Amino acid sequence: TLRKAMGKKNAEVMAAQKLRFTPKTGYNLVGLDDFEPFGEELYLVGHFATRQEAEQALKAERGCHDRIYIYGPDEG
């Protein structure tokens, strides 16, 4: 059905977007902006060498961003 096909396409777009922000090394702090067009909601806040650095930055940035996540090399 069309609905099923659209759901699959949306999932593919979201997976590709997440993959684009998943680092091969280190950790990315990634924000999500619901007001951006579909497929462009994620944006890079910063890249950090260790998960601990990323978690510290997450705490510092939480008030500035509605939704913020840590993506590491094991997330892809």
Side-chain angles (χ1 to χ4, degrees):
T1 67
L2 179 59
R3 185 177 198 167
K4 194 175 205 178
M6 290 299 292
K8 183 177 180 183
K9 181 69 173 167
N10 289 348
E12 290 172 2
V13 169
M14 291 185 308
Q17 188 178 19
K18 182 177 180 185
L19 188 59
R20 193 169 82 228
F21 286 94
T22 300
K24 294 196 185 317
T25 62
Y27 296 86
N28 283 343
L29 203 55
V30 178
L32 186 139
D33 185 348
D34 289 329
F35 293 102
E36 289 296 320
F38 180 71
E40 299 177 21
E41 299 97 339
L42 297 182
Y43 60 94
L44 183 66
V45 175
H47 178 80
F48 303 90
T50 67
R51 181 159 190 94
Q52 183 179 11
E53 290 173 343
E55 288 175 356
Q56 289 173 344
L58 176 75
K59 289 177 187 173
E61 293 286 339
R62 196 167 291 277
C64 300
H65 307 272
D66 287 335
R67 292 200 248 169
I68 191 166
Y69 305 94
I70 296 174
Y71 287 6
D74 55 339
E75 308 282 328

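This is a predicted model, so every value here is computed, not measured.
Side chain of Glu53 to main chain of Ala49: a donor-acceptor pair is present (N/O by atom type, distance under 3.5 Å, no hydrogens or angles). The main-chain N or O of Ala15 is never found under 3.5 Å from a side-chain atom of Gln17 such that the two would form a donor-acceptor pair.
Taking all atoms of both residues into account, the shortest heavy-atom contact from Tyr69 to Leu32 is CE1-CB, 4.2 Å. The minimum heavy-atom distance linking Lys24 with Pro73 is given by the pair O-CB, 3.3 Å. The heavy-atom pair separating Tyr71 from Thr22 by the smallest distance is CD2-OG1, 3.9 Å. When every heavy atom of Thr50 is checked against every heavy atom of Tyr27, the shortest pair comes out as C-CD1, 3.4 Å. When all heavy atoms are compared, the tightest approach of Leu29 to Phe48 is CB-CE1, 3.9 Å.
At a threshold of 4.0 Å, the pair Arg51-Glu55 counts as salt-bridged, since one of the basic side-chain nitrogens sits closer than that to a carboxylate oxygen.
Enclosure of atom CZ in Arg62 is not indicated, since only 12 or fewer non-hydrogen atoms of other residues, nucleotides or ligands lie within 6.0 angstrom.
In this structure, Met14 CE and Leu42 CG are separated by 10.5 Å, a value rounded to the nearest 0.5 Å.
Among Ile68, Asn28, Val30, Leu58, the one residue that satisfies the side-chain contact (heavy atoms from CB on, under 4.5 Å) test with Val45 is Ile68.
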